[in-house]
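What follows is a set of notes on a single structure, which appears directly below.
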Amino acid sequence: VDKQNIKQLNKDLDVDVLIIGGGITGISTAYHLKESNLKICLVDQDIIGHGVSGKTTGKLTFLQELIYSKLTDEYSIEIANKYLKSQKDAIKIVEDIINKNNINCDYNRVDSYIFADSIKDMDKIKKEKEILEKLGVSVTELNDLPISLKCYCAIKVGDTAVFHPVKYLYSLKKILIDKGIEIYERTKIIEIKKEKEKYVCFTE
């Protein structure tokens, strides 16, 4: 943690946009607003990278359990396709930000897998493969994994990645500070009130 760059809010501010939370969502929102003419402030109740976003596996994948079977069964294959597109777009957005800003966050393109560790789940994996192929995804079916885990059936897709989320967050934080966006850590919002056309947010 770069303690030189940790500031705690101790004054009143009037801003156009207040972003509450400095995880991947909050930092990304600020990044996409950095070229606007809006006055932006981001606050986090802890230190950026110390919450949920800093404890993730760092996978950037569109393959999450049996999500496409679930979406197709509960809604439609069109909804499943929209979800797939959103996930692929998100991976591309992160990759573009990393490349544009030369961010060193251990970004690597890798394959992603889902698998059945019991015979009764094999049909579920095969169904997911069929739906993904209908959606235009190239899928490889396997009988084992590149790591030592019990596996009766697996599928593999490409065009996915891994990265170091904390290194990524810290790099974006520096970019935002350099752009003049105010970032305050150890600043918890405890109350929000609406007053006419604006919101008043109170810290501890």
Side-chain angles (χ1 to χ4, degrees), residues 1-2 21-28 31 44 46-173:
V1 177
D2 182 3
I24 199 85
T25 303
I27 289 283
S28 297
Y31 178 87
D44 192 283
D46 198 346
I47 297 170
I48 287 169
H50 278 220
V52 173
S53 294
K55 296 177 176 66
T56 69
T57 57
K59 291 192 297 182
L60 295 166
T61 180
F62 57 85
L63 196 65
Q64 294 111 6
E65 298 182 345
L66 302 171
I67 187 66
Y68 299 98
S69 298
K70 183 177 180 182
L71 289 172
T72 300
D73 289 346
E74 292 188 13
Y75 302 100
S76 66
I77 196 160
E78 288 77 21
I79 293 294
N81 191 44
K82 286 182 179 181
Y83 180 84
L84 172 65
K85 186 177 185 304
S86 75
Q87 299 304 288
K88 286 191 165 189
D89 286 348
I91 296 169
K92 180 71 164 55
I93 287 167
V94 172
E95 185 176 61
D96 288 348
I97 290 171
I98 290 167
N99 291 334
K100 181 179 179 180
N101 298 284
N102 296 313
I103 295 173
N104 180 13
C105 60
D106 308 327
Y107 181 85
N108 279 302
R109 282 273 177 167
V110 296
D111 295 326
S112 288
Y113 301 78
I114 56 170
F115 65 98
D117 60 2
S118 64
I119 293 174
K120 66 181 177 62
D121 289 332
M122 288 176 65
D123 287 345
K124 294 178 183 177
I125 298 297
K126 291 178 185 294
K127 179 182 175 183
E128 192 77 351
K129 175 178 181 281
E130 289 174 9
I131 294 171
L132 284 163
E133 287 177 334
K134 284 180 184 175
L135 296 174
V137 177
S138 178
V139 185
T140 303
E141 187 170 342
L142 307 163
N143 294 319
D144 53 20
L145 296 166
I147 56 174
S148 181
L149 283 175
K150 182 192 256 185
C151 174
Y152 288 92
C153 174
I155 58 173
K156 176 180 79 171
V157 300
D159 294 330
T160 62
V162 292
F163 75 140
H164 194 302
V166 177
K167 289 181 181 179
Y168 179 75
L169 286 172
Y170 283 173
S171 296
L172 290 192
K173 176 186 170 184

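One-based numbering along the sequence shown.
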Would you say that K156 contacts V139 through its side chain, given a criterion of any heavy-atom pair below 4.5 Å between the two side chains? no
Gap separating the CD1 atom of I48 from the CG atom of L169, nearest 0.5 angstrom: 7.5 Å
Reference residue C153; test side-chain contact (heavy atoms from CB on, under 4.5 Å); the match among K129, K126, K124: K126
Distance check, rounded to the nearest 0.5 Å: I103 atom CD1 versus S171 atom OG? 5.0 Å
Please step through side-chain contact (heavy atoms from CB on, under 4.5 Å) for the pair N108 and F163, ending with a clear verdict. CA-CA 6 Å; N108 279 302; F163 75 140; over 6 Å; no
Step by step, work out the salt bridge (charged side-chain N to carboxylate O under 4.0 Å, His left out) result for D121 and K127. CA-CA 10 Å; D121 289 332; K127 179 182 175 183; over 6 Å; no
Worked check of side-chain contact (heavy atoms from CB on, under 4.5 Å) between L84 and I67: CA-CA 10 Å; L84 172 65; I67 187 66; over 6 Å; no
Are the side chains of Y113 and P146 in touch, meaning some heavy atoms are under 4.5 Å apart? yes
Looking at side-chain heavy atoms only, is the closest gap between L60 and Y107 below 4.5 Å? yes
Heavy-atom check, side chain of F115 versus side chain of I125, under 4.5 Å: no
Would you call K85 and D89 a salt bridge, taking side-chain N to carboxylate O under 4.0 Å as the test? yes
Are the side chain of N81 and the backbone N or O of I77 linked by a donor-acceptor pair below 3.5 Å? no
From L135 CG over to L71 CG, what is the distance, rounded to the nearest 0.5 angstrom? 10.0 Å
Any non-hydrogen side-chain atom of L172 less than 4.5 Å from a side-chain atom of I97? yes
Are any non-hydrogen side-chain atoms of H164 and N104 less than 4.5 angstrom apart? no
Kindly say whether G22 contributes a backbone atom to a donor-acceptor pair with the side chain of D44 at under 3.5 angstrom? yes
Do T72 side-chain atoms and Y68 backbone N/O form a donor-acceptor pair below 3.5 Å? yes
What heavy-atom pair brings K167 and D106 nearest, and what distance separates the two atoms? NZ-OD2, 3.0 Å
Can you check whether I155's main-chain N or O pairs, donor with acceptor, with E141's side chain at less than 3.5 Å? no
Y31 side chain to N101 side chain, donor-acceptor N/O pair below 3.5 angstrom: yes
What verdict does the side-chain contact (heavy atoms from CB on, under 4.5 Å) test give for E128 and E65, after you've listed the backbone C-alpha separation in whole Å, the side-chain angles of each residue and the deciding distance to 0.1 Å? CA-CA 9 Å; E128 192 77 351; E65 298 182 345; over 6 Å; no
How about K59: does its NZ atom have over 12 heavy atoms from other parts shown lying under 6.0 Å from it? no
Would you check if D46 and H50 make a side-chain contact, meaning some heavy-atom pair closer than 4.5 Å? yes
State, to 0.1 Å, how close G58 and P165 come at their nearest heavy-atom pair, and which atoms those are. CA-CD, 4.0 Å
Check whether any side-chain heavy atom of D159 sits under 4.5 Å from a side-chain heavy atom of R109, and report yes or no. yes
Spatial distance of atom CD1 (I24) from atom OG1 (T56) [nearest 0.5 Å]: 7.5 Å
Quick check: closest heavy atoms across C105 and I98, and the distance to 0.1 Å? SG-CD1, 3.6 Å
What verdict does the side-chain hydrogen bond (donor to acceptor under 3.5 Å, both in side chains) test give for T61 and T160, after you've listed the backbone C-alpha separation in whole Å, the side-chain angles of each residue and the deciding distance to 0.1 Å? CA-CA 5 Å; T61 180; T160 62; 4.5 Å; no
In Å, rounded to the nearest 0.5 Å, how long is the span from NZ of K173 to CD1 of I27? 8.0 Å
Around atom NZ of K70, are there more than 12 heavy atoms of other residues, nucleotides or ligands at under 6.0 Å? no
The reported gap from CD1 in I91 to CG in D96 (rounded to nearest 0.5 angstrom) is 12.0 Å
